[in-house]
Number of protein chains: 2
Amino acid sequence: MTGQVRTVDGRVAGRRGQATRQKLLDCLSEMLSSSPYRDVKVIDVARKAGTSPATFYQYFPDVEGAVLEIAEQMAAEGAELTELVAGRSWVGKAGWQTAQELVEGFLEFWRRNDAILRVVDLGAAEGDKRFYKLRMKILNSVNNSLSDAVAELQSKGKVDKDVNPAAVAGSLVAMLAAVASHQKGFTSWGVKQAELKPNLALLVHLGVTGKKPTK
Amino acid sequence: MTGQVRTVDGRVAGRRGQATRQKLLDCLSEMLSSSPYRDVKVIDVARKAGTSPATFYQYFPDVEGAVLEIAEQMAAEGAELTELVAGRSWVGKAGWQTAQELVEGFLEFWRRNDAILRVVDLGAAEGDKRFYKLRMKILNSVNNSLSDAVAELQSKGKVDKDVNPAAVAGSLVAMLAAVASHQKGFTSWGVKQAELKPNLALLVHLGVTGKKPTK
DNA sequence: TCGGTAAGCTGACGGCATGACAGGACAAGT
DNA sequence: ACTTGTCCTGTCATGCCGTCAGCTTACCGA
């Protein structure tokens with residue numbers, strides 16, 4: 001089932017090959033963190049991995065292809081985001097707790113993977129379907145959970161009927177992602193990291209429930 | 001005062017030179033809309049403008065430099081965003097109106113300039129100070145207005161004291177920008193354009209005032 | 001009208017990244 | 001030792017980058 005790892009020309013990769021491949025991915029990942037996407041060259045990645053450009057092209061069609069691979073791995077790990085929202089309560093003090101933990105976990109995940117997420121975001125915004133589906137895959141768990149929570153509160157009459165749960169959930173998730181990408185930007189608006197989180201949590205809680213949290 | 005337009009090697013650009021320069025910028029702008037940022041080459045831009053790569057380098061240090069120029073022009077136009085928020089009321093029906101018009105105007109502005117804004121966003125996220133300041137310049141008017149609005153409501157006791165106006169405003173602006181960049185993404189979550197706007201307006205209103213709008 | 005001067009443009013070039021291929025090195029089984 | 005298939009790299013044609021010298025064009029004052 002788990003499709004074997006293959007080289008570009010169709011051979012199956014053995015133990016050594018997979019190690020090389022992974023090393024290339026790791027080095028690419030590092031490069032993405034330290035220099036602008038536009039300037040990341042195959043030759044640099046290969047050099048850093050102690051191999052040659054030709055080797056890189058044996059495993060990946062181009063830089064973009066390798067980035068997709070890294071992103072795919074990250075998306076798999078991103079399942080951890082599900083735990084932040086699945087089956088949580090959004091009423092009373094527990095609701096405030098849920099919002100806080102969601103914000104905390106989301107920002108942490110984004111910070112840990114910011115370099116690749118930046119590129120995924122760019123690809124998605126440019127309309128590349130592969131990146132775009134990947135972005136959905138990563139955000140889906142959170143998005144669906146939030147959407148369900150809104151829909152449930154709505155069915156109980158606690159949220160207005162003309163609210164579209166998917167739209168609200170998507171917007172909140174987009175907000176979290178954007179703020180995470182530009183965390184540094186906030187400091188120059190005089191907002192400290194620590195202050196940011198509770199305010200974000202407040203917005204999430206307001207968006208989901210329509211009410212201020214009880215703390 | 002208005003620093004004369006200069007070539008890279010210090011000459012002042014005359015009428016003809018400025019026209020060429022602008023043509024290059026226009027063509028670059030077009031290219032950014034139609035192909036991924038990473039694949040935009042100087043030679044393509046030059047060809048499209050009916051000139052040679054050497055001419056491009058006469059006016060700009062590199063692609064990034066030219067993009068900054070385009071973004072700068074756009075930031076100047078972006079003053080129109082100020083009108084969406086300056087001196088508006090956030091109470092009662094007028095408040096709902098303000099939120100709606102802000103969302104509408106913001107999305108429109110972003111859609112019109114999405115290609116350059118994508119690149120600015122990327123540059124800012126990568127930590128490039130020039131892009132980062134540019135992004136602030138564009139968003140500042142909206143951000144400051146929202147921040148002021150929250151602070152005012154706060155001083156009247158209508159918003160909790162532990163809310164940080166700048167953090168809330170910044171987060172809302174980031175949300176608007178992110179949603180605008182990924183508008184297409186929402187359609188595959190089953191959310192239509194037309195549905196998106198009122199829900200965004202709702203979130204903005206909730207964030208600023210802490211209350212549901214009266215419609 | 002006629003230089004003189006500065007603006008404007010380009011051909012050409014060394015340098016480097018890309019992407020493809022064929023062939024050599026290596027490990028594992030027989 | 002020999003075979004087989006994996007793994008890596010040297011090499012090469014191609015194409016973009018970024019620079020420079022030098023040519024053309026426009027403007028201006030005498």
Side-chain angles (χ1 to χ4, degrees), chain A residues 2-32 34-70 119 123 128, chain B residues 2-28 30-32 34-69 119 123 128:
Chain A
T2 112
Q4 278 175 312
V5 180
R6 284 180 177 279
T7 58
V8 169
D9 56 338
R11 284 204 312 281
V12 289
R15 200 184 300 125
R16 191 151 76 110
Q18 290 198 26
T20 306
R21 196 183 127 100
Q22 190 57 48
K23 183 158 196 178
L24 284 167
L25 287 179
D26 292 344
C27 290
L28 171 55
S29 218
E30 255 185 82
M31 300 241 63
L32 285 175
S34 61
S35 52
Y37 180 46
R38 200 168 195 282
D39 297 342
V40 171
K41 307 290 179 193
V42 169
I43 198 170
D44 295 324
V45 178
R47 258 201 284 264
K48 198 180 185 79
T51 179
S52 75
T55 302
F56 182 96
Y57 286 106
Q58 194 151 49
Y59 294 106
F60 311 103
D62 49 25
V63 172
E64 209 184 61
V67 167
L68 272 169
E69 198 70 24
I70 297 176
V119 180
D128 185 312
Chain B
T2 113
Q4 278 175 313
V5 181
R6 284 182 176 276
T7 58
V8 169
D9 55 338
R11 286 203 310 280
V12 290
R15 200 184 299 124
R16 188 159 155 233
Q18 291 198 27
T20 305
R21 196 182 127 100
Q22 190 57 47
K23 185 160 196 178
L24 284 167
L25 287 178
D26 292 344
C27 290
L28 172 56
E30 256 186 82
M31 300 241 66
L32 286 174
S34 61
S35 51
Y37 180 45
R38 201 170 194 284
D39 298 341
V40 171
K41 308 290 178 195
V42 169
I43 198 171
D44 296 323
V45 178
R47 259 201 283 265
K48 198 179 184 79
T51 178
S52 76
T55 302
F56 182 96
Y57 287 105
Q58 196 152 51
Y59 294 105
F60 311 103
D62 50 25
V63 173
E64 211 184 60
V67 168
L68 273 168
E69 199 69 25
V119 180
D128 186 310

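Sequence lines set the chain letters: A, B, ... in the order given, protein chains first and strands last, and positions in each chain run from 1.
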Student: Indicate yes or no for a side-chain donor-acceptor contact from B:T7 to the backbone of B:R11 under 3.5 Å, with no hydrogens or angles considered.
Tutor: yes
Student: Could you run down nucleotides 10-25 of chain D 5' to 3' and tag each one B, S or - for protein heavy-atom contact under 4.0 Å?
Tutor: B-----SSBBB-----
Student: Shortest non-hydrogen contact from A:Y37 to A:E64?
Tutor: OH-CG, 3.9 Å
Student: What pair of heavy atoms forms the shortest contact from B:P53 to B:A46, and how long is it?
Tutor: N-CB, 3.6 Å
Student: Tell me which one of A:K41, A:R47, A:K48 satisfies salt bridge (Lys or Arg N to Asp or Glu O under 4.0 Å) with A:D44.
Tutor: A:R47
Student: Checking all strands, does A:T20 fall into the base, sugar-phosphate, or nothing category for heavy-atom contacts under 4.0 angstrom?
Tutor: sugar-phosphate
Student: Would you indicate what A:R15 reaches in the nucleic acid, counting non-hydrogen atoms under 4.0 angstrom: base, sugar-phosphate, or nothing?
Tutor: sugar-phosphate
Student: With a 4.5 Å limit on heavy-atom distance, are the side chains of A:L25 and A:Y59 in contact?
Tutor: no
Student: Look at all strands and tell whether B:T7 reaches a base, only sugar-phosphate, or nothing, counting heavy atoms closer than 4.0 Å.
Tutor: nothing
Student: Heavy atoms of chain A, cut-off under 4.0 Å: which first and last nucleotide of DNA chain C, 5' to 3', fall inside that, if you could look?
Tutor: C:dA17 to C:dC21
Student: Which angle, to the nearest 10 degrees, lies between the helix axes at the two ends of the helix from C:dT1-D:dA30 to C:dT30-D:dA1, each defined by five pairs?
Tutor: 10°
Student: Could you check how far CZ of A:R21 sits from P of D:dC8, rounded to whole Å?
Tutor: 12 Å
Student: Just call it for B:Y59: base, sugar-phosphate, or nothing, with non-hydrogen atoms closer than 4.0 Å on any strand.
Tutor: sugar-phosphate
